[in-house]
Every structure is written in C-alpha cells, then in structure tokens.
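All remarks here apply to the structure that follows.
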Amino acid sequence: MTDLQHTVARLAALHPESTMPCPLCAATVKGVNLTRHVGKVHPGQGVDGTSAKRSWRGPERLIARPLIAVPVLGLVGLWTAMWGGDEVDDVLIFSTAGVGGVGLILVALVLGGAPLFHGRLSVHNGGVVLSHTLGLRRRRVGRVDRVEAGSAYVVRSSGSNADGIGGTTSDEKAGMYLKLRADRRHITVRCKQSAGFRKTSVGWHQGRRTRRWHVTLNPADFVGLQYALFEMGLLTLRPR
C-alpha cells in the first residue's frame, strides 16, 4: 500500500462520519461509506490506482509568456532591419505579421482557458513541481508550508452594437483554486468545480479571488492533489 492509499484508508477509518471526496469521481461521501460507494458507483475500479497517483496533467497557462515573445521578437527584428537601411520585401513583412498574429491568437486562447498545452504537476518530498512550456521548463515550490483557497474568475465580454460600440466586460466565476506556497514562491492550481473542497477540508487559508492560475486539473485529479496535501499534513478532514 502506497502512502496515498494509506492516507485514504486511514482518513476513512479515523473519521467515519466525516465527509470526504471520492478519489475516482470527486463526489463527497462519509468515510464509512467510501468503500461501498466505490463498489457501487465504480464497479471493477479500486481506490488504489487513483489515490496512488502523485502527478497529474492539465491545461497550463505559463506557456503564454514565451508565446507572447514570438510576435515581439518578430517585430523587433523587422524594425531593426528597416532601421538599419536593409531592403525589406513584402513577403518578410507579411510573414512577420502572420507569425505575430498567430502568436497573439494562441496567447488569447491559452489565457481564455483553451486546453491547447498541457503541463504536469507533481508532488515530491513535501514540495510541488509544475512541468510546463512543452516540458522544457519547471516551476518549483520546495516545501509547501501554506495552502490558500479562493474563487477563480475569467473575464467575459458582452456583445457590442453594429458599430462595435457598447461592449462591456465582466468577471464570471470559473471554479476555485488552491495556491501552494513556500515563502514567495507559489503554484496556483484551478479546478472548474469545487470538488467538495470547502465541505471536507480544513487547514487552508482564505485567498482573494483571482484571474490568474498556472494549471487546471479535472475534479478527480484535484481530489488526488487534496489527498496528497492530507498526506503532507497541510490539510485535515473537517470534523463532524
């Protein structure tokens, strides 16, 4: 039995009347009913495989930074060539404009939540690591000592009239986040659903609402992360 499997079994045994999330579907059930729930709702599956995971994949947003550099570098190169007196043909101008436009579109899609690029969040020795930007870069939090939770929001634009006038923007709730901190370093993990987090967990600190996060996990993987934080002693089940 792995550490995470032991954590699930230990919590269910110690807190039979407390509500805890199912590691397979993120539904909230009492600890005493967890085994029965898994057998009834997830026949043929076991808690072992899911709860043993120590890394999870999901859409990441950190790649937006190098993507925005693509059109900027293209424009700088074009401006340098023109300023230096070199003859710049139309093909180069249109190519630079095309690459810049594609880069800006990709940045907008990534920041808007499109699952174009995936990162991997891993738990190791009390810390977390996010592999991002096509696996070429890492963001590390050595030893997590504080967990903050709050609401995530995205910006939505309303329609404008035929002249393009009158459009407005507003914040729309987009699930919740966990910010895993160690001093000034942090990794922010979003989930489109709360996965029963506030009903089941204590030990976290209330954070401000935010539009910024680094990676998004599906509900079951978000629950897997919660169990890893239980194992690390950063969260405990809410007593009943």
Side-chain angles (χ1 to χ4, degrees), residues 19 21-28 56-72 100-121 128 130-134 139 141 144 146-181 184-226 228-229 235 238:
T19 302
C22 170
L24 293 167
C25 67
T28 53
W56 310 271
R57 283 178 55 81
E60 58 100 347
R61 302 173 105 194
L62 288 170
I63 197 171
R65 295 178 182 177
L67 282 177
I68 197 65
V70 173
V72 172
V102 171
L104 292 175
I105 290 171
L106 288 175
V107 169
L109 290 172
V110 168
L111 295 180
L116 300 179
F117 304 96
H118 284 68
R120 180 173 292 278
L121 181 73
V128 288
L130 176 59
S131 172
H132 62 93
T133 312
L134 304 177
R139 185 180 182 93
V141 176
V144 179
R146 180 183 174 92
V147 177
E148 295 179 5
S151 297
Y153 285 80
V154 294
V155 178
R156 299 297 186 194
S157 300
S158 66
S160 57
N161 60 25
D163 297 324
I165 301 174
T168 60
T169 60
S170 60
D171 283 348
E172 179 180 306
K173 193 168 182 179
M176 68 165 297
Y177 71 87
L178 294 182
K179 182 177 288 187
L180 312 177
R181 304 186 65 102
R184 296 184 179 181
R185 297 285 297 175
H186 70 274
I187 293 176
T188 303
V189 185
R190 181 187 74 125
C191 183
K192 293 182 180 180
Q193 303 175 20
S194 66
F197 179 81
R198 292 180 176 87
K199 295 180 181 178
T200 60
S201 304
V202 294
W204 51 275
H205 303 265
Q206 181 64 47
R208 297 179 178 180
R209 53 187 283 176
T210 188
R211 299 175 183 173
R212 298 181 178 181
W213 56 85
H214 300 127
V215 63
T216 298
L217 298 183
N218 66 45
D221 288 344
F222 194 67
V223 167
L225 173 61
Q226 290 177 48
L229 297 174
L235 297 178
R238 184 176 294 277

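Count residues from 1 along the sequence. Predicted model, so just to flag it, every value in this text is computed and none were measured.
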Working note: Arg139 + Leu62, criterion side-chain contact (heavy atoms from CB on, under 4.5 Å); need CA distance, chi angles, decisive distance, verdict. CA-CA 9 Å; Arg139 185 180 182 93; Leu62 288 170; 4.0 Å; yes
Walk me through whether His186 and His214 qualify under side-chain contact (heavy atoms from CB on, under 4.5 Å). CA-CA 10 Å; His186 70 274; His214 300 127; 3.8 Å; yes
Passes side-chain contact (heavy atoms from CB on, under 4.5 Å), Ser201 versus Arg238? Steps please. CA-CA 5 Å; Ser201 304; Arg238 184 176 294 277; over 6 Å; no
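Listed by chain and residue number, Asp171 satisfy the salt bridge (charged side-chain N to carboxylate O under 4.0 Å, His left out) test with Arg211 (two or more places apart in sequence, or in another chain). Scanning for side chain to side chain donor-acceptor pair (under 3.5 Å) contacts around Thr19 gives Arg240, with sequence neighbours left out. Under the side chain to side chain donor-acceptor pair (under 3.5 Å) criterion, Ser131 pairs with Arg138, not counting sequence neighbours. The salt bridge (charged side-chain N to carboxylate O under 4.0 Å, His left out) check on Arg212 picks up nothing, with sequence neighbours excluded.
Between Thr28 and Thr200, some side-chain heavy-atom pair lies under the 4.5 Å cut-off. Residues Leu235 and Trp204 are in side-chain contact: their nearest non-hydrogen atoms beyond the backbone lie under 4.5 Å apart. Side-chain contact between Val189 and Trp213: absent, with no pair of heavy atoms (C-beta onward) separated by less than 4.5 Å. With contacts defined as side-chain heavy-atom distances shorter than 4.5 Å, the pair Leu134/Phe117 qualifies.
Considering all non-hydrogen atoms of both residues, Val215 and Gly58 come closest at CG2-O, 3.7 Å. For the residue pair Ala149 and Met176, the shortest heavy atom distance occurs at CB-CE, 3.9 Å. The minimum heavy-atom distance linking Pro23 with Val223 is given by the pair CA-CG1, 3.9 Å. When all heavy atoms are compared, the tightest approach of Lys179 to Arg181 is CD-NH1, 3.3 Å. Taking each heavy atom of Ala228 and Trp56 in turn, the nearest pair found is CB-CH2, 4.1 Å.
Considering OG1 of Thr133 and CD of Glu60, their distance stands at 5.0 Å, rounded to 0.5 Å. Atoms CZ and CG, on Phe222 and Leu121 in that order, are 10.5 Å from each other to the nearest 0.5 Å. Atom OH in Tyr177 sits 9.5 Å away from atom CZ in Arg208 (nearest 0.5 Å).
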What donor-acceptor contacts under 3.5 angstrom involve side-chain atoms of residues 191-199, with partners at least two apart or in another chain?
none

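A side chain to side chain contact (heavy atoms under 4.5 Å, CB included) with Leu180 holds for exactly one of Val141, Leu229, Leu130; it is Leu229.
A donor-acceptor contact closer than 3.5 angstrom links the side chains of Arg190 and Thr216.
Between the side chain of Asn218 and the main chain of Asp221, a donor-acceptor pair closer than 3.5 Å is present. The backbone N or O of Gly119 sits nowhere less than 3.5 Å from a side-chain atom of His132 that would complete a donor-acceptor pair.
Note on residues 107-121: pairs passing side-chain hydrogen bond (donor to acceptor under 3.5 Å, both in side chains), not counting sequence neighbours, are Ser55-Arg120.
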